[in-house]
Amino acid sequence: MDYNFEEIEKRWKQYWIDHQTYKVKEDSSKPKYYVLDMFPYPSGAGLHVGHPLGYIASDIVARYKRLQGFNVLHPMGFDAFGLPAEQYAIQTGQHPAITTYKNIARYREQLDKIGFSYDWSREVITCDPNYYKWTQWAFIKMFHHYYDNELQRAEPIENLVKHFEERGTEGIHAEGTKELHFTADEWKTKSEREKQEILMNYRIAYLGDTMVNWCPQLGTVLANDEVSEGFSIRGGYPVEQKKMRQWCLRVSAYAQRLLDGLEKIDWSDSLKETQRNWIGRSEGAVVHFNTQTGVSFDVFTTRPDTIFGVTFMVLAPESELVEQLVTDEHRETVDAYLEKTKRKTERERIADKTVSGVFSGSYAIHPFTGELLPIWISDYVLAGYGTGAIMAVPAHDSRDYAFAKQFDLPIIPLIEGCDVSEESFDAKEGIMMNSDFLNGLPVQEAISAAIDEIEQRGIGYRKVNYRLRDAIFSRQRYWGEPFPIYYKDGMPYTLDESKLPLELPEVDKFLPTETGEPPLARAKNWKTEEGYPLEVSTMPGFAGSSAYYLRYMDPHNNEALVSKEADDYWKNVDLYIGGTEHATGHLIYSRFWNKFLFDLGVSCVEEPFQKLINQGMIQGRSNFVYRIINSNTFVSFNLKDQYDTMPIHVDINIVHNDVLDIDAFRNWNPEYKDAEFILEDGKYICGWAVEKMSKSMFNVINPDDIVKKYGADTLRLYEMFLGPIEQSKPWDTNGIDGVYRFLRKFWNLFFTDDNFLVTDDEPSKEELKSLHKLIKKVTFDIENFSFNTAVSAFMICVNELISLKCNKRSILTDLTICLSPFAPHIAEELWHRLGNETTIFDVQWPTYNEEYLKENTFSYAISFNGKTRFTLDLPADATREEIGKTVLEHPNSKKWVEDKTPRKIIIVPGKIVNIVI
RNA sequence: GCUCGGAUGGUGGAAUCGGUAGACACGCAAGACUUAAAAUCUUGUGACCAUUGCGGUUGUGCGGGUUCAAGUCCCGCUCCGAGUACCA
């Protein structure tokens, strides 16, 4: 009987819906397991074959864990706010919600075809007001909290107000944008507006004047992770630096906890490393410098040991100190320089490697030697890192060195034996010299000795700095969550929680207003009941994706983001699968967001994603035909070098196993209607290359087509078989026949002469061994996310059972259960044909018995004089003496035994055994 | 530049603790069935040599080392990929 996947898959999909097979509830009698996919943004192009890779892997784990007796939460949803829908809306005038929901429906249809075990009753869609209510709610909470560095957690802002009332800023440990100083009396005399401005300095969600990445083409600001090399990641438009008043999240306050948390979670080393680099912790010191004019400032350095090599100071052009330190004499050149750097885009600053800068006219006083150090201004110093000012040590910093060479500033070497005539010596090694009290110390000791001395003299202090910046949280866009914020006397206040969700208003156009305000400014009555204006920018894409995993635990709760009971039961995500492109975006924000909710007591586990797997990208495999230049003749791949040819992309749908369907090619494009071919062996062989999957290269594979041709089970198995889940690899349809053949062979195990026929006979030793080898292997492989080798194991097992002509019920039952996570439809079909009433996903995963796996013989490598001479199969339970005797009697041993050289016998596998004869 | 990965047949990949390298699959070749094709099945398939002896040599990017034994461990290179980049 034929394996009719179409009929089988249709039947069981319906069965699973009818029986609500995948619906889960909290169940304290079972251990929980939470498997999550990074939810997709529903783009207009639909799914290609690369998207389901991670979903299939997580689905296998979800089904497997369920068979293992876990209560499995395996939800899915959509990250629905985003730029493409809005861009489309601007072009067509169609509301982004319409496009978005249409795309969601298409995604859903495609996903359903593949047979995932999602509990769709828990679906979340980020643009649904019932969902974004909780995004807004979290924002309000962040607004009303500050970060306490002593307690190492978020605290209500009222505590800070109370502290100000009692003691002013004395003894506070609040993380702030700037360091502020005032007394309790001063606080009391401040106006409401002044107080609000001060509190803004400490709120976790705050309005700040910051340099932002402004993208004029998109008309919005972007976060650091949304920009790459001066261009926007979405759209690839140039991005420039601009100072704007924006909503920000004080992610930097959590830098140390984000770093420490990495130790506790099971992520790949490379991903953790990427996050560590992004957080960028560096230890050093803040050193205080005075100037001749009485103005003083701090610098941050990781090399306080090089303090005696400082020969000049440099300020960032954007630094506020520039205004205070520039002398009248130099004002003109400084202003010209500032103007010039301001006009440069980020892109130009990266491209322009030339050293530039101007002298301010002022001098700083060296805190140890009292020497005068000229203060320069240069764009190689960044305003946003450290204090925006540096002490320059040209001998031991390559950037300072280049600057010193350019402007002919002195260079003082500080490390014995180093040569700074050609380049700086940046390594943190060697013995100090020219450095007063540090002379003779190795660098590492000199660093701490220098800091000790600096602290002793009261001219600075030990300090840890982070590269991680606060997240800019405003977008000048329509299609995002509105801020639950209104303005009174120009200061922002949060809406009452009872007013949530604040729904996105209707607008006539999705474009900014004529005065450059965001689209929400077009909305009628965009104000509170009292008439106060509402915030017109919206939240960025990562807002909605930062806590969605919590919402799946309790998606219909109108009273809380997640109930205490649901959160206590599901805790955090046990396995999270998604792409590595979220390493510095979503995976930082989400961890930050969860830590904040943890501080509030909403989330009971500090790290949201315990184990994380990054699935690789599936690239396209393009095919080429080779056209002879200036002709309509095409040469087959292996003959192309004999002609002057040019490769042309050809639609992979008309190529099978790299052989071109010539008729289809002629019909493909009118231009090739009369094409001529030079064939090899009567075939036209195409060339191929691995490229990005894209329409323009005619190499996009739609999973729907594969499902139609081979069935969902084959697609699932094949995607897993392609290679290790974490590796990027090309989609190569050529191999799919092998997997399809395997499923048919598996199916045929249950049939004899077209009849379903399994026997209740006792299985043989070989059959049991084959099965238990499989159970052991597949269990191990799923636990280790090695799905490709698991699929191979099934193929081996089925081949063995075919050669044993096995149709024993007990063997085939366990085999079917093992296969069910990978190929659920065929497994469910055969499960029911075996006479079972309930779904296969309610049974127990089989356990293997080591007894059946014992080998009768071991292979031993016999080595004489340190070289392996031959191998021998011997009984597994043989003693040393027996092995020795057998080896010596073996004909191959003769010539080695007769001479008098020392001899050894080595056992493979395992350990060396020396046998005395 | 820095950080982290990786390199195994014609192809994708296996080898889980240092123990018979190349599992499994694709492709290819030969054969069976067939009027024929497709499908299916059988056999072979790293390279080189020998194939009237069913064996030998060599082989996991390159060069060394440790070990009875190295794709795996150590040292030094080459190339490829990813992340990041005036981060003081």
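In what follows, every chain begins at residue 1, and chains take the letters A, B, ... in the order their sequences are listed.
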First of A/Thr789 and A/Thr580 reached from the 5' end of RNA chain B, by closest nucleotide: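 The residue mapped nearer the 5' terminus is A/Thr789.
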First of A/Thr301 and A/Ser728 reached from the 5' end of RNA chain B, by closest nucleotide: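 The answer here is A/Ser728.
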Base B/U16 paired with A/Lys777 side chain (donor-acceptor, <3.5 Å):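 In this structure, the two groups form a donor-acceptor pair.
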Check: A/Phe746 ring centre within less than 6.0 Å of A/Phe794 ring centre: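 When the ring centroids of A/Phe746 and A/Phe794 are compared, they turn out to be at least 6.0 Å apart.
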With A/Phe312, the ring pair (Phe, Tyr, Trp, His ring centres under 6.0 Å) member among A/Phe403, A/Tyr401, A/Phe289, A/Phe407: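 Filter result, single survivor: A/Phe403.
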Could you tell me the separation between the [atom1] atom of [X] and the [atom2] atom of [N], rounded to a whole number of Å?
X	N	atom1	atom2	value
A/Met720	B/A25	CE	P	19 Å
A/Tyr740	B/C26	OH	C1'	17 Å
A/Gln727	B/C80	CD	C1'	13 Å
A/Phe787	B/A23	CZ	C1'	20 Å
A/Lys272	B/G5	NZ	C1'	16 Å
A/His582	B/U84	NE2	C1'	18 Å
A/Asp400	B/A88	CG	P	12 Å

Base paired to [N] (Watson-Crick or G-U; both N/O distances under 3.5 angstrom):
N	answer
B/G18	none
B/G44	B/C28
B/A38	none
B/C4	B/G81
B/U66	none
B/U60	none
B/G53	none
B/G9	none

Base, sugar-phosphate, or nothing: which does [X] touch, judged by heavy atoms less than 4.0 Å apart?
X	result
A/Arg276	nothing
A/Ser270	sugar-phosphate
A/Asn788	sugar-phosphate
A/Asn799	sugar-phosphate
A/Leu722	sugar-phosphate
A/Pro730	nothing

What distance, rounded to whole Å, do you find between the two [atom1] atoms, one in [N] and one in [M]?
N	M	atom1	result
B/G83	B/U16	C1'	29 Å
B/G9	B/C77	P	25 Å
B/C54	B/G44	C1'	15 Å
B/A7	B/U72	C1'	14 Å
B/C48	B/U40	P	31 Å
B/U20	B/C33	C1'	38 Å
B/A69	B/G1	P	38 Å
B/A36	B/U45	P	29 Å

Donor on one side chain, acceptor on other, A/Tyr466 and A/Ser252, under 3.5 Å: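 The answer is no; no qualifying pair exists.
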Flag for A/Thr789-A/Ser786: side-chain donor and acceptor within less than 3.5 Å: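 There is such a pair (donor and acceptor under 3.5 Å, judged by atom type) between the side chains of A/Ser786 and A/Thr789.
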For B/G13, glycosidic torsion class - syn if within 90° of 0, otherwise anti: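 Chi for B/G13 falls in the anti range.
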Anti/syn call for B/C54, syn if |chi| within 90°: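 Classified anti.
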Between [X] and [N], is there a side-chain N or O to OP1/OP2 distance below 4.0 Å?
X	N	result
A/Arg741	B/C26	yes
A/Ser282	B/A88	yes
A/Tyr380	B/A88	no
A/Arg744	B/U40	yes

CG on A/Leu315 to OG on A/Ser360, rounded to 0.5 Å: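 A/Ser360 OG to A/Leu315 CG: 6.5 Å, rounded to 0.5 Å.
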A/Glu283/A/Lys428 ion pair, N-O < 4.0 Å: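 A/Lys428 and A/Glu283: not salt-bridged.
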Among B/U3, B/A23, B/U16, the nucleotide that comes nearest once only the side chain of A/Phe780 is considered: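 For A/Phe780, the side-chain atoms sit closest to B/U16.
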Lys/Arg cation over aromatic A/Trp747: A/Arg741, 6.0 Å, 45° cone: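 Ring-cation test returns no.
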Verdict with supporting geometry, A/Tyr3 and A/Tyr740, side chain to side chain contact (heavy atoms under 4.5 Å, CB included): CA-CA 10 Å; A/Tyr3 164 46; A/Tyr740 186 52; 4.1 Å; yes
